[in-house]
K.L.:
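Dropping a structure here in structure tokens format, bear with me for questions.
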Protein chains: 2
Amino acid sequence: MAIKTSLRPGGRSARVQDSVHQATRALLAELGRDAISLPLIASRAGVTPSTLYRRWGDLSSLLADVSLARMHPDADPVDTGSLRGDLLTWSEQYFDEINSVPGRAMLRDAVASDCTNRCLTILLGQLQTILERAASRGEATPSAEHLVDRVIAPGVFRILFGEGAPGEHEVNAWMDQALG
Amino acid sequence: MAIKTSLRPGGRSARVQDSVHQATRALLAELGRDAISLPLIASRAGVTPSTLYRRWGDLSSLLADVSLARMHPDADPVDTGSLRGDLLTWSEQYFDEINSVPGRAMLRDAVASDCTNRCLTILLGQLQTILERAASRGEATPSAEHLVDRVIAPGVFRILFGEGAPGEHEVNAWMDQALG
DNA sequence: ACGTTAACACAAAGAATTTGCGTTAGTGGT
DNA sequence: ACCACTAACGCAAATTCTTTGTGTTAACGT
């Protein structure tokens, strides 16, 4: 179910959201993904379950929302001095993250709910900052969409459907083809 | 949850499975994905809900199992006379199918449960028959995994995270690069 | 044919989800 | 600053889903 982008972002709604997000992260760390329920989060956050059901719809949507919110303020991708280096270190880190147990759980929740578009937006944003940095260095840059098609998509597909994250060698080959 | 590959595939288990699969397909067609529940399927199939919970675990796993079972006996990919033609017509059909509303629902259920490996197996099987046919014609053939990385993964990624299925022109370009 | 046990039925207990209605507190207008 | 409006929440009852314990059936091996 889609997250309701609150039409009234004022005091109380924001407080509830903060409280719920915080409770979710705490329980996620304490008990793990499979041991938490929506009423449990509600009681920890000091709100009634019906509030969460009306606002988020179900557990998957709430967890995806919380995970994606945690993703935003991550530091900018490291600057290695070259586009190729930036992309390689960033993608390695990215694949490692979503290949971890909580990472895969987040992916599943994101797919189950309907915030895959937010995932893509965040992803494209990260790539964009890398690409703009490269452009400011005078390097020739492909489009972010091209990188997604040639590198990110194969990696994510393997993590979701295949035998875990792609090897470093393979990512290198994909990257060469994408940049060359 | 993973599907329990019944250690006792004899009469009764098989009958129950048939009944459940049939009931699921019927309800899926009558009411749609979002209106069916596990107890509902159980009552239609003439079994108790606890049987379904013990055997399939949850609704996503059951639906994914039913969908994947429907996928197997599909006719072999059409023979267009060339590897490139075979792959293009097959992939177009494949993308159309998983981009449909029930197709996307199936994908979500497959990701939510743990039968993504079965998805990949079926996929590789289809590609393999196309590749073997091409090999028997004397054509040079890439590996099935390479095709997955270069063509299938980008398409599936777009359907899951992006703006729907890739255009025919784009698939053509991907295919050219994968084959050439 | 017989013993073994996986798979199922039944039912009760427990948890999650939905829903109706009253209340609180942002929001916009005066 | 005050007031009217209503989105968002609290509460609680009703419903539905899920789990679990126990007994029974029937498939499988010998």
Side-chain angles (χ1 to χ4, degrees), chain A residues 1-24 27-28 30-66 69 105 108-109 112-114, chain B residues 1-24 27-28 30-66 69 105 108-109 112-114:
Chain A
M1 176 181 292
I3 306 300
K4 193 188 300 179
T5 47
S6 37
L7 284 73
R8 185 179 280 187
R12 186 165 62 165
S13 290
R15 274 197 304 278
V16 168
Q17 171 166 334
D18 281 354
S19 175
V20 168
H21 276 218
Q22 185 177 336
T24 303
L27 290 173
L28 220 43
E30 289 175 22
L31 307 177
R33 165 68 175 84
D34 294 337
I36 72 184
S37 69
L38 220 147
L40 187 64
I41 296 174
S43 106
R44 176 71 156 257
V47 299
T48 60
S50 62
T51 293
L52 301 193
Y53 284 114
R54 283 200 237 262
R55 191 157 165 181
W56 278 277
D58 59 12
L59 185 60
S60 286
S61 299
L62 173 56
L63 292 179
D65 186 42
V66 171
R108 282 200 299 271
D109 285 326
S113 60
D114 254 341
Chain B
M1 178 179 290
I3 305 300
K4 193 187 302 182
T5 47
S6 37
L7 284 73
R8 187 177 279 188
R12 185 165 64 165
S13 291
R15 274 196 304 277
V16 168
Q17 172 166 332
D18 282 353
S19 175
V20 169
H21 275 218
Q22 184 176 338
T24 303
L27 290 173
L28 220 42
E30 290 175 22
L31 306 177
R33 165 69 175 83
D34 295 337
I36 73 184
S37 70
L38 221 148
L40 187 63
I41 295 175
S43 108
R44 167 73 77 111
V47 299
T48 61
S50 63
T51 294
L52 301 193
Y53 284 113
R54 287 210 161 95
R55 189 156 167 182
W56 278 277
D58 61 11
L59 184 59
S60 286
S61 299
L62 172 55
L63 291 179
D65 185 43
V66 171
R108 283 199 298 270
D109 285 325
S113 60
D114 256 341

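In what follows, every heavy atom counts, from backbone to side chain, and hydrogens, waters and symmetry copies are set aside.
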K.L.:
Tell me which nucleotide among dC10(C), dT17(C), dA7(C) gets nearest to the side chain of Ser13(B).
P.N.:
dA7(C)
K.L.:
Of all the nucleotides listed (dT18(C), dA7(C), dC11(D)), which has the minimum atom distance to the side chain of Arg55(B)?
P.N.:
dA7(C)
K.L.:
With a 4.5 Å cut-off on side-chain heavy atoms, are Val20(A) and Trp56(A) touching?
P.N.:
yes
K.L.:
Return no unless some side-chain N or O of Ser37(A) is found under 4.0 Å from OP1 or OP2 of dA16(C).
P.N.:
yes
K.L.:
Would you check if the side chain of Arg108(B) reaches a backbone N or O of Asp114(A) as a donor-acceptor pair within less than 3.5 Å?
P.N.:
no
K.L.:
Tell me the closest heavy-atom pair linking Ser61(A) and Asp58(A), and the distance in Å.
P.N.:
OG-OD1, 2.8 Å
K.L.:
Can you tell me the distance, in whole Å, between the CG atom of Leu52(A) and the P atom of dT18(C)?
P.N.:
12 Å
K.L.:
Measure CG/Asp34(A) against P/dA16(C) and give the value in whole Å, please.
P.N.:
14 Å
K.L.:
May I have the distance from Leu59(B) (atom CG) to dT17(C) (atom P), rounded to whole angstrom?
P.N.:
13 Å
K.L.:
Is any side-chain N or O of Thr51(B) closer than 4.0 Å to OP1 or OP2 of dA9(C)?
P.N.:
yes
K.L.:
Has the side chain of Arg54(A) got a donor or acceptor that lies under 3.5 Å from a partner of the other kind on the base of dG10(D)?
P.N.:
yes
K.L.:
Does Ser50(B) get its side chain close enough to the base of dC10(C), under 3.5 Å, for a donor-acceptor pair?
P.N.:
yes
K.L.:
Strictly below 4.0 Å: does Arg15(A) bring a side-chain N or O up to OP1 or OP2 of dG26(C)?
P.N.:
yes
K.L.:
When the distance from CG of Leu38(B) to P of dT15(D) is rounded to whole Å, what number comes out?
P.N.:
22 Å
K.L.:
Would you say a side-chain N or O of Tyr53(B) is under 4.0 Å from OP1 or OP2 of dT19(D)?
P.N.:
no
K.L.:
Kindly indicate whether the side chain of Arg12(B) and the base of dA7(C) share any N or O donor-acceptor pair separated by less than 3.5 Å?
P.N.:
yes
K.L.:
For Leu38(B) versus Leu59(B), what's the shortest heavy-atom pair and its separation?
P.N.:
CD1-N, 3.5 Å
